[in-house]
Number of protein chains: 2
Amino acid sequence: MAQQQAREGRLRPARRLTLAEDVYESIKTLVMDHILPPGERVNIDALARELDVSPTPVREALARLEADGLVRKRPLSGYTTTPLLSRAEFDDLFDVRLLLEGATAGRAATHATAVQRQRISAEAGASIDVEAGDGYRRHATFTTLDATFHDLIAEAAGSPLLRDSITRLHSHLHLHRLYFPPNGAPDTTIEHQRIADAIIAGDSRAAADAMRAHLTAARERHLPAFDRLRAPEAPHGSA
Amino acid sequence: MAQQQAREGRLRPARRLTLAEDVYESIKTLVMDHILPPGERVNIDALARELDVSPTPVREALARLEADGLVRKRPLSGYTTTPLLSRAEFDDLFDVRLLLEGATAGRAATHATAVQRQRISAEAGASIDVEAGDGYRRHATFTTLDATFHDLIAEAAGSPLLRDSITRLHSHLHLHRLYFPPNGAPDTTIEHQRIADAIIAGDSRAAADAMRAHLTAARERHLPAFDRLRAPEAPHGSA
DNA sequence: CAACGCAACATCCTATAGGAAATAGGTTCG
DNA sequence: CGAACCTATTTCCTATAGGATGTTGCGTTG
């Protein structure tokens with residue numbers, strides 16, 4: 001069976017070492033970008049055919065994704081992508097982010113190394129270039145940039161456990177509606193700059209405050225997304 | 001192939017609905033109880049034979065366990081159980097617990113329902129009976145009781161995300177050396193009572209303080225475990 | 001016309017087989 | 001005596017086939 005070599009993976013980038021790992025990344029991207037719509041059923045065999053692999057590694061990747069909270073598994077009914085965040089879940093998410101990332105920013109101000117401070121500052125400045133782009137692509141680049149900035153701070157805090165928790169939270173954030181707040185990019189850039197400045201200065205209190213202010217503002221910016229579409233907040237809503 | 005019905009699962013309790021789920025719980029228990037020693041290699045086929053299932057569900061369970069942080073996967077070298085917590089990781093764990101569980105206790109004091117307060121109080125009182133027992137069994141019951149108490153509070157806080165994060169943290173705690181601190185049970189019971197009382201009273205500030213005091217004391221109690229065995233803290237330590 | 005029951009279908013779940021890579025042990029050379 | 005190389009074994013990784021179960025559509029009946 002030498003077909004293994006002949007196959008050319010469609011959407012996976014030059015297989016790392018194990019197939020399951022690549023499949024995991026591929027499916028994760030599909031879910032993050034809503035190519036697999038939230039709440040939709042996920043057909044294992046179809047996915048395997050699409051990715052040109054056998055169902056086994058797909059199943060393995062799905063199991064990891066379930067632990068990440070991106071898909072759910074109903075015992076004898078298969079996998080489904082996690083539905084969109086409800087308003088309550090959205091609020092909960094930002095409450096926890098406020099707690100975790102606030103403390104993280106404070107720690108980063110005191111624990112970060114010189115090179116880490118430099119990278120954080122650079123990333124905060126890079127956010128300006130986001131203006132260019134068109135529609136969806138713009139949204140994607142902005143989201144990635146924002147995630148990178150926050151992860152850089154989480155890394156600088158010097159707590160692997162905190163960083164893991166925050167990363168997990170961020171993947172949940174992608175389950176939010178694809179909504180690009182008007183003037184969100186400039187405001188975000190300014191707020192990022194403030195956070196970066198406080199961390200550079202080594203001011204723990206100021207960094208934590210700046211981060212909390214940023215998250216509160218971001219939460220406010222994203223709130224209108226719930227009014228755009230009258231999406232099913234609850235399975236049997238009455239309003 | 002009717003052997004599926006004839007098989008009598010060795011250490012799984014009356015299969016739930018999917019085999020992979022049972023296998024997941026079984027392996028999780030094996031790791032938690034150090035029946036699979038930390039840092040050891042995990043042979044998929046051997047595990048499958050031991051549990052009387054095919055390697056496929058074992059692989060799936062292992063993938064979930066990896067996301068939980070209980071096992072690690074080296075690309076072409078198989079799975080290994082996560083090694084024991086180093087001193088730095090232990091400190092990190094309690095730092096994050098202090099942050100998360102402190103806030104959680106405070107929220108529980110204001111958000112908990114009447115029945116939740118009642119259950120928390122009952123669980124705090126039940127801790128007294130731990131005195132009975134012998135060696136390992138005593139350790140296991142105590143650990144379970146403590147985990148239940150903390151989870152009850154996390155549930156009462158009304159934040160699913162916070163609860164998930166804390167649960168994940170607790171599973172990491174089980175990677176600590178199996179060490180039963182002298183007089184740990186009575187002290188723990190008293191501290192649990194204080195936390196429960198504050199939550200019952202609805203005093204958010206007092207609940208958070210009591211929880212932080214409890215965790216600080218627990219951290220102190222477990223510290224001697226690092227001196228007992230001169231375990232490899234770092235791969236190439238110099239001290 | 002609606003609700004219930006039945007049957008066919010699709011899908012998931014598990015088991016088995018075979019190819020490829022890494023690890024371990026022995027041997028040989030410097 | 002030590003280190004490097006080679007070989008054999010073990011183990012992992014992927015693919016495929018078959019049985020069990022949930023779901024869906026249609027027909028029938030009240």
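Note on naming: letters A, B, ... go to the chains in the order of the sequence lines (proteins, then strands), and numbering restarts at 1 for each one. Every value quoted in this text rests on a predicted model; they were computed, and no experiment measured them.
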Discussion item. Tell me the interatomic distance from A:Leu19, atom CG, to C:dA21, atom P, rounded to whole angstroms.
Written reply: 13 Å
Dump every N/O contact between nucleotides 8-12 of chain D and the protein below 3.5 Å, one line per pair.
| residue | atom | partner | partner atom | Å |
| --- | --- | --- | --- | --- |
| D:dT11 | OP1 | B:Asn43 | ND2 | 3.3 |
| D:dT11 | O5' | B:Asn43 | ND2 | 3.4 |
| D:dC12 | OP1 | B:Val42 | O | 3.1 |
| D:dC12 | OP1 | B:Ile44 | N | 3.1 |
| D:dC12 | OP2 | B:Asn43 | OD1 | 3.2 |

Worksheet, complete the sentence: For A:His34, the side chain to side chain contact (heavy atoms under 4.5 Å, CB included) test, sequence neighbours excluded, returns A:Pro38, A:Leu84, A:Leu178
Worksheet item: What residues form a side chain to side chain contact (heavy atoms under 4.5 Å, CB included) with B:Glu220, not counting sequence neighbours?
Response: B:Leu223
Discussion item. Whole angstroms only, please: what is the CG-P distance between A:Leu62 and C:dC13?
Written reply: 10 Å
Item to complete: Please state how far atom NZ in A:Lys73 lies from atom P in D:dG22, giving the value in whole angstrom units.
Response: 14 Å
Item to complete: Please identify each residue that fulfils side chain to side chain contact (heavy atoms under 4.5 Å, CB included) with A:Leu99, with sequence neighbours left out.
Response: B:Leu99, B:Ala103, B:Leu162
Item to complete: Take the protein atom CG of A:Leu51 and the nucleotide atom C1' of D:dT14, then report the distance between them rounded to whole Å.
Response: 14 Å
Discussion item. Could you work out, with ring-ring contact (aromatic ring centres under 6.0 Å, His included) as the rule, every residue matching B:His174, not counting sequence neighbours?
Written reply: none
Practice prompt. Among residues two or more places apart or on two chains, list those pairs meeting side chain to side chain donor-acceptor pair (under 3.5 Å) that have a residue in residues 153-166 of chain B.
Written response: A:Asp92-B:Ser159, B:Asp151-B:Arg163
Worksheet item: What's the verdict on ring-ring contact (aromatic ring centres under 6.0 Å, His included) for A:Phe94 and A:His176, showing C-alpha distance, side-chain angles and the deciding distance?
Response: CA-CA 12 Å; A:Phe94 270 83; A:His176 187 53; 8.2 Å; no
Discussion item. Strictly below 4.0 Å: does B:Ser54 bring a side-chain N or O up to OP1 or OP2 of C:dA15?
Written reply: yes
Response to the item:
Among the nucleotides C:dT16, D:dT14, D:dT16, whichever has the atom closest to the side chain of B:Pro55 is C:dT16
Worksheet item: From the list C:dT16, C:dT14, D:dA15, which nucleotide is the closest neighbour of the side chain of B:Ala20?
Response: C:dT14
